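Structure first, then comments.
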Amino acid sequence: MDINTICVHGNAHKTDDTGCVTVPIYQTATFAHLGVGQSTGYDYSRLQNPTREQLEQVVAALEHGVDAMAFSTGMAAVATVMELFKMGDHIVVSNDLYGGSHRLFHHISEKNGLTFDTADTTEPSQIERCIKPQSKAIFIETPSNPMMQVTDIAAVAKIAKAHGLLLIVDNTFLSPYFQNPIDLGADIVIHSGTKYLGGHNDTLAGFVVVATTELSEKLRFLFKTIGACLAPFDSYLLIRGIKTLSIRMERQQENALKIANWLCRQPKVKAVHYVGLPSHPGYEISRRQARGFGSMISFETDSEQTARQLLERVKLILFAESLGGVETLITYPMLQTHADVPQAEREAKGINERLLRLSVGIEGADDIITDLEQALK
Ligand code: PLP
């Protein structure tokens, strides 16, 4: 089925006999049994809920996985995946990652006995150098947050397979509309559903999609045991959001390309990181492994003063932490998304007082540019 059709009709699963066009919200915590040992297939909403199930089937279909689980947030999804590992296990992670994942790995997973090595995963040989006998997985984000680094998923999958490691890919920035890591050899795909999948900056959500039934069994067990599942109403909002995923992604990408090109011409902007610019080091890999470049841009201004002035002067663009929604948002990674990453580590990656991150929305591109122009003056 065409991806646009999956977005609108999902798996075309019929949820009741009324003919309702949208999925009902099964706002129930539990389900009655007809008799001892008899179940409708639904026992308790932490385990199964028909609204959430519908959403999970759509996301599994979009990501070409065998199963998808819908979590209350993206971080709940990442944290649950970490429970696949035990004390002493080692994971190689991208050196540029969402700050919340970094915080989870170094403040919680390490406390639980896992160890991590960070590698510049844009250079797959660097991953190989970090692998040890205790290694169990490679965790990458591509494009990465916030530096937009692109990792060659198929090349990393080859390394993971050769060493018997799981490849986990956070696919939040491109969404399944533009990129399907499982097709390139990933075992587990993670999303912050709060972003492009939800698409309206109104709901928190997360997803784990798996490539095999074995991983589905392990993760379903963790999902029901840890319990960070998505509520029925939020599942409905995600289903609704996904219906327009394709047109939002196309429009946001079109706007992002115009804005990135405009930013490149601004004297107060010293560097523009947008995967869709042919000058981006990951441009060719992106063309090979994805169907689009997305709409996340980060850029470096000439001074801290310019960065702060821009944040304070924008009118249409909202100075807020998140991404992927219809509204254009601007973020200060140093003080927001990556505030908990140690300063030296952060600055070594380029997350400094001059770096801003823009999540381009679906407004008129010229209006976004006019707003940036007046804020930069
Ligand atoms: N992964 C990435 C790439 C993110 O940008 C975020 C949040 O910004 C997350 C995961 C965490 O998602 P959530 O905020 O839904 O918990």
Side-chain angles (χ1 to χ4, degrees), residues 55 59 63 68-82 91 93-109 118 121 139-151 153 168-179 181 186 188-209 223 226 228-231 234-235 237-238 241-242 252 273 275 290 294-298 318-325 327 329-341 346 349 351 355-360:
L55 168 65
V59 174
E63 274 296 11
M69 282 143 266
F71 289 81
S72 53
T73 65
M75 284 319 300
V78 184
T80 302
V81 168
M82 285 300 114
I91 304 176
V93 302
S94 295
N95 65 356
D96 189 41
L97 278 184
Y98 167 56
S101 300
H102 184 283
R103 185 173 54 225
L104 174 83
F105 298 158
H106 299 294
H107 291 268
I108 297 183
S109 306
T118 47
T121 55
F139 185 107
I140 62 172
E141 237 180 63
T142 183
S144 64
N145 184 357
M147 298 311 294
M148 311 298 152
Q149 291 175 359
V150 175
T151 295
I153 301 173
I168 306 164
V169 181
D170 184 329
N171 197 28
T172 299
F173 270 29
L174 286 186
S175 93
Y177 182 69
F178 282 142
Q179 181 167 273
I188 297 175
V189 174
I190 290 176
H191 282 281
S192 167
T194 313
K195 318 301 184 199
Y196 291 100
L197 290 166
H200 293 77
N201 288 321
D202 59 4
T203 318
L204 296 171
F207 294 94
V208 171
V209 189
F223 183 68
I226 296 170
C229 58
L230 193 64
D234 291 350
S235 298
L237 287 175
L238 262 287
I242 290 171
Q252 284 171 274
H273 309 292
V275 181
S295 48
M296 292 301 300
I297 303 171
S298 59
L318 302 165
F319 171 24
E321 182 168 0
S322 198
L323 62 108
E327 296 90 0
L329 303 184
I330 194 158
T331 303
Y332 203 14
M334 175 185 84
L335 293 186
Q336 295 179 301
T337 51
H338 291 70
D340 288 336
V341 177
R346 193 167 30 75
K349 289 176 204 157
I351 309 170
L355 187 84
L356 297 172
R357 193 191 73 186
L358 197 63
S359 167
V360 178

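Indexing begins at 1, ligand by ligand and atom by atom, following the structure's order. On a predicted model such as this, the values are computed, not experimentally measured, just so you know. Values reported hereafter were calculated over all heavy atoms of this structure, with side chains retained and with hydrogens, waters and symmetry mates removed.
- Under a 4.0 Å criterion applied to the non-hydrogen atoms of T73, ligand 1 contributes the atoms 15 (O), 16 (O).
- Of all the heavy atoms of K195, the ones lying under 4.0 Å from any atom of ligand 1 belong exclusively to the side chain.
- At a threshold of 4.5 Å between non-hydrogen side-chain atoms, the residues F71 and L230 do not count as touching.
- Checked against a 3.5 angstrom limit, the closest N/O atoms of E141 and ligand 1 fall outside it.
- Scanning both residues, V189 and E63, for their nearest heavy atoms gives CG1-OE2, 3.5 Å.
- Summarising the geometry of P181 relative to N171, their closest heavy-atom pair is CD-ND2, 3.3 Å, with the distance given to 0.1 Å.
- For atom 9 (C) of ligand 1, the nearest protein heavy atom (residue, atom name, distance) is Y98 CD2, 3.4 Å.
- In this structure, Y332 and H338 have side chains that are not in contact, with every pair of non-hydrogen atoms separated by 4.5 Å or more.
- With 3.5 Å as the limit, one finds no donor-acceptor pair spanning the side chains of T151 and T142.
- Contact annotation for A76 and ligand 1: no heavy atom of the residue comes within less than 4.0 Å of the ligand.
- Taking 4.5 Å as the limit, some side-chain heavy atom of I351 sits within range of a side-chain heavy atom of M147.
- Taking atom 15 (O) of ligand 1 as the reference point, the nearest protein heavy-atom neighbour is T194 OG1, 2.6 Å.
- Inclusion of M75 in the set of residues having an N or O under 3.5 Å from an N or O of ligand 1 is warranted.
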Evaluation steps, ring-ring contact (aromatic ring centres under 6.0 Å, His included), between F173 and Y196: CA-CA 8 Å; F173 270 29; Y196 291 100; 7.5 Å; no
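- The protein non-hydrogen atom at the shortest distance from atom 5 (O) of ligand 1 is N145 ND2, 3.0 Å.
- No heavy atom of G193 sits closer than 4.0 Å to any atom of ligand 1.
- Across all non-hydrogen atoms, the minimal contact from A290 to L174 is CB-CD1, 3.7 Å.
- Each of the following atoms of ligand 1 lies closer than 4.0 Å to a heavy atom of A205: 15 (O).
- Closest to atom 10 (C) of ligand 1, if we only count protein heavy atoms, is D170 OD2, 3.5 Å.
- Distances between N or O atoms of G74 and those of ligand 1 include at least one value under 3.5 Å.
- Using a 4.0 Å cut-off to heavy atoms of T172, the atoms of ligand 1 that qualify are 1 (N), 2 (C), 3 (C).
- A donor-acceptor pair shorter than 3.5 Å can be found between the side chains of S144 and D96.
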